[in-house]
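Here is the structure we will look at, set down as structure tokens.
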Amino acid sequence: MAPFLGSSSTIGPVAGRFRPTWAEVSVGAYAANVRALKALVGPPTRLMAVLKADAYGHGASTLAPVALQSGADLIGVSSIEEGVALREAGIKAPIVLLGSVFPLENFVSVLEARLTPSVFSLEAAHHLAAIAQVIGQPASFHLKVDTGMGRLGLSPQRAREVLAYVAGEKSLRLAGLYSHLASADSDPDFTTRQLRDFLAVTEMARALGFNDTACHLANSAGAIAHAETRLDLVRPGIALLGAPPVATPPSLPLQPVLSWKTHIVFRKRVPAGTSISYGRKFRADKEMEIATLPVGYADGVPRAVFNKARVLIRGLRRPVLGVVTMDHIMVDVTGLGVDVGEEVVLIGKQGGDEITAGEWASWAGTISYEIFCGISKRVPRTVVS
Ligand SMILES: *Cc1c(COP(=O)(O)O)cnc(C)c1O
């Protein structure tokens, strides 16, 4: 039997793929989103496409070249592994590590892969300088200041000390100075406070002669909802995937990049009183038609969506019945006249309707980021236009 080929829009047969569950990643939508955000922030503001965690599960090596061709100036990832993977995929542009480097000896591997690390301590700056001296080439890095996220970063007070050291250290190049917003989607006052504290540090840096250093603060929510946080560079991740965490102006048309699809693999008619799935938490109160889909929590369907989730079949929202199992979910298809083989959309458009990652997030009590990152390796990603 031939392997399952995905929908007609996918690129040819995929060896060894049989299960009809997959995610489609639209490079055209991603390119359009990068261009739209770039247009919103305007030409002097540079754009770092944040592609950490394999582009939130979308595929970083697929999207990085698209980002760069569409106006992104640099790429942001979290770990050394993620940066190295993009270098191996042929990405030549600057790649900034937004996460931590630990232990500090790993700066050797960072510089070998020509990655740009973040530094959060004087000790790390010393270490990076020592390695750069051994290699015989100055090391570019970004200095991170904590203005209210409480995760990684020097306090603004300590930043002065590190900036003064870097100003006198020829083996170090301060390519960027940055901080991270904690609540740009929910708390404008705190965002304003973070901006004010960060600007005080940037002034300190200018006074020390750092005039080419890119100062940056804005994630997606900041870049969209707080224009004053855009500064020299913005760092959007989720917005470029078409799932902005804040309302977008009409001048920023963003399209979802990922669709998640499957096919009905089993269909049955059950009498009233039949229970469905573990724990028998759903019981049919009448005769029903039930479809079984080959997708479950091992694929990233959260169990927490119990009693809330819907999927699209024939362009209609149909309820998921009973609890999510590891490999399958069951759906009410009563009266639709559907049979096995029919395509089902978990995330994306079908007919005139659309289900977003944001809806799955609200059903599961989480955020779209976690829905995307949760779509597991078991779900093959297919690149579409
Ligand atoms: C993840 C991350 C971003 C991107 O955040 P989005 O909300 O996805 O835009 C930007 N900056 C840093 C430091 C991050 O960790």
Side-chain angles (χ1 to χ4, degrees), residues 30 33-34 36-38 40-41 45-60 63-64 67 72-83 86 94-101 115-120 141-154 175-187 190-191 194-195 198 201 214-227 229-248 252 254 256-258 356-358 361 366-375:
Y30 192 74
N33 293 342
V34 174
L37 204 79
K38 184 91 180 172
L40 180 80
V41 300
T45 300
R46 286 190 283 158
L47 191 147
M48 178 193 298
V50 175
L51 296 173
K52 62 196 182 192
D54 204 20
Y56 306 13
H58 289 56
L63 295 185
D73 302 279
L74 56 175
I75 302 294
V77 296
S78 184
S79 67
I80 301 175
E81 284 83 348
E82 291 170 0
L86 289 181
I95 298 175
V96 178
L97 300 181
L98 299 168
S100 49
V101 172
L115 305 174
T116 312
S118 295
V119 162
F120 329 111
F141 72 102
H142 290 225
L143 188 67
K144 186 167 192 185
V145 181
D146 183 10
T147 57
M149 177 65 187
R151 184 171 63 180
L152 296 168
L154 290 154
L177 175 62
Y178 77 107
S179 189
H180 192 47
L181 296 172
S183 52
D185 57 342
S186 58
D187 187 343
F190 192 69
T191 302
Q194 285 196 267
L195 174 63
F198 180 61
V201 179
C215 296
H216 49 110
L217 180 62
N219 52 8
S220 294
I224 296 168
H226 303 279
T229 65
R230 290 174 191 158
L231 308 180
D232 299 328
L233 171 77
V234 291
R235 306 189 307 266
I238 197 89
L240 302 181
L241 302 172
V246 289
T248 50
L252 183 65
L254 297 173
V257 171
L258 181 139
T356 64
T366 182
I367 52 176
S368 58
Y369 302 69
E370 197 181 13
I371 297 296
F372 287 137
C373 292
I375 301 175

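The model shown is predicted, which means the values in this text are computed figures rather than measured ones. The chain is numbered in sequence order, starting from 1. Just so you know, ligand 1 is whichever comes first in the structure, and atom 1 is the first atom listed for that ligand.
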Compute whether any side-chain donor of one residue and acceptor of the other, for His180 and Arg235, lie under 3.5 angstrom apart. yes
Would you please say whether a donor-acceptor pair under 3.5 Å links the side chains of Tyr56 and Ser368? no
At a 4.0 angstrom heavy-atom cut-off, ligand 1 is contacted by Val50, Lys52, Tyr56, Leu98, Lys144, Arg151, His180, Asn219, Ser220, Arg235, Pro236, Gly237, Ile238, Tyr369
Could you check whether atom CZ of Arg46 has more than 12 heavy atoms from other residues, nucleotides or ligands sitting under 6.0 Å from it? no
If every non-hydrogen atom of Ile75 is compared with every non-hydrogen atom of Ala67, which pair is closest and at what distance? CD1-CB, 4.3 Å
Sequence neighbours excluded, the answer for salt bridge (Lys or Arg N to Asp or Glu O under 4.0 Å) partners of Asp187 is none
Between Val77 and Leu97, does the side-chain contact (heavy atoms from CB on, under 4.5 Å) criterion hold? Intermediate values first, please. CA-CA 5 Å; Val77 296; Leu97 300 181; 3.6 Å; yes
